[in-house]
Amino acid sequence: VQLQASGGGLVQAGGSLRLSCAASERTFTPYAMGWFRQAPGKEREFVAAINWNDNTYYADSVKGRFTTSRDNAKNTVYLQMNSLKPEDTAVYYCAVAKRWGVVTIESLYDYWGQGTQVTVSS
């Protein structure tokens with residue numbers, strides 16, 4: 001399975017972006033699809049996830065500002081990011097987990113996209 005993330009870019013603080021992550025195939029029903037990010041000099045961190053039952057999970061830092069959703073017909077998951085802050089600047093990665101587990105943990109995920117840069121200017 002290959003994941004293609006897109007939608008990143010440069011935006012001013014307070015602005016919005018929508019990231020997309022398209023899967024190349026759907027040979028299995030994923031347990032969850034997640035979003036992680038990595039800022040310069042920092043470790044990659046959990047941002048959001050949506051599981052097979054459409055339950056959503058968010059990091060405290062993005063709760064109320066970011067929304068994840070999916071379109072099964074298009075094999076695509078989205079991350080709508082509103083009220084962006086400079087501290088949201090990072091490379092954003094999408095990932096797919098095949099097995100049940102804790103969606104906030106990186107090791108759960110089996111496939112990763114290449115990442116898309118999000119830069120928020122102050």
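- Contact record, W52 with P30: CB-O, 3.8 Å, taken as the closest heavy-atom pair.
- Under the 3.5 Å distance criterion, with hydrogens and angles disregarded, no donor-acceptor pair is assigned to the side chains of T76 and D71.
- Contact check for V91 versus T116: no side-chain heavy atoms found under the 4.5 Å cut-off.
- Y57 places no side-chain N or O within 3.5 Å of a backbone atom of N51 that could act as its donor or acceptor partner.
- W35 and F46 have their aromatic ring centers separated by at least 6.0 angstrom.
- Counting only heavy atoms from C-beta outward, the side chains of Y92 and R44 never approach each other to under 4.5 Å.
- Considering every non-hydrogen atom in both V1 and A23, the closest pair reads CG1-CB, 4.3 Å.
- Smallest separation of non-hydrogen atoms from C21 and L3: SG-CB, 3.9 Å.
- The local environment of CD in Q2 is sparse, with at most 12 non-hydrogen atoms from other residues, nucleotides or ligands closer than 6.0 Å.
- Put simply, CE on M33 and CG on N72 are 9.0 Å apart, with the number rounded to the nearest 0.5 Å.
- The minimum heavy-atom distance linking A32 with V103 is given by the pair CB-CG1, 3.8 Å.
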side-chain contact (heavy atoms from CB on, under 4.5 Å) evaluation trace for S69 with Q80:
CA-CA 8 Å; S69 60; Q80 177 67 43; over 6 Å; no
Given the rule in the salt bridge (charged side-chain N to carboxylate O under 4.0 Å, His left out) test, do K85 and D88 qualify, once you have shown the distances and angles that lead to the verdict?
CA-CA 5 Å; K85 304 175 181 180; D88 294 319; over 6 Å; no
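- To the nearest 0.5 Å, atoms CZ (R37) and CE (M81) are separated by 9.0 Å.
- For the pair F66 and N82, the minimum side-chain heavy-atom distance is 4.5 Å or more.
- T68 places no side-chain N or O within donor-acceptor distance of the main-chain N or O of A49, the cut-off being under 3.5 Å.
- A distance-only check finds a donor-acceptor pair linking the side chain of Q114 to the backbone of A5 [under 3.5 Å].
- Annotation: the span from C94 atom SG to Y111 atom OH amounts to 13.5 Å, rounded to 0.5 Å.
- A cation-pi arrangement, defined by a distance under 6.0 Å to the six-membered ring centre and an angle within 45 degrees of its axis, is absent between R70 and Y78.
- Under the 4.5 Å side-chain criterion, counting only non-hydrogen atoms from C-beta, L17 is in contact with V118.
- Judged by distance alone, the side chain of S122 and the main-chain N or O of P86 form no donor-acceptor pair under 3.5 Å.
- No side-chain heavy atom of Y31 sits less than 4.5 Å from a side-chain heavy atom of K98.
- Here the side chains of L108 and V102 are not in contact, with every heavy-atom distance at 4.5 Å or above.
- A 6.0 Å sphere centred on NZ of K42 holds no more than 12 heavy atoms belonging to other residues, nucleotides or ligands.
- Residues V47 and Y93 have side chains not in contact (no heavy-atom distance under 4.5 Å, counting atoms from C-beta outward).
- Closest approach of R99 to S107, counting heavy atoms only: NH2-O, 3.9 Å.
- Here the side chains of V11 and T119 are not in contact, with every heavy-atom distance at 4.5 Å or above.
- Note that CD of Q12 and OG of S121 are 5.0 Å apart. Values are rounded to the nearest 0.5 Å.
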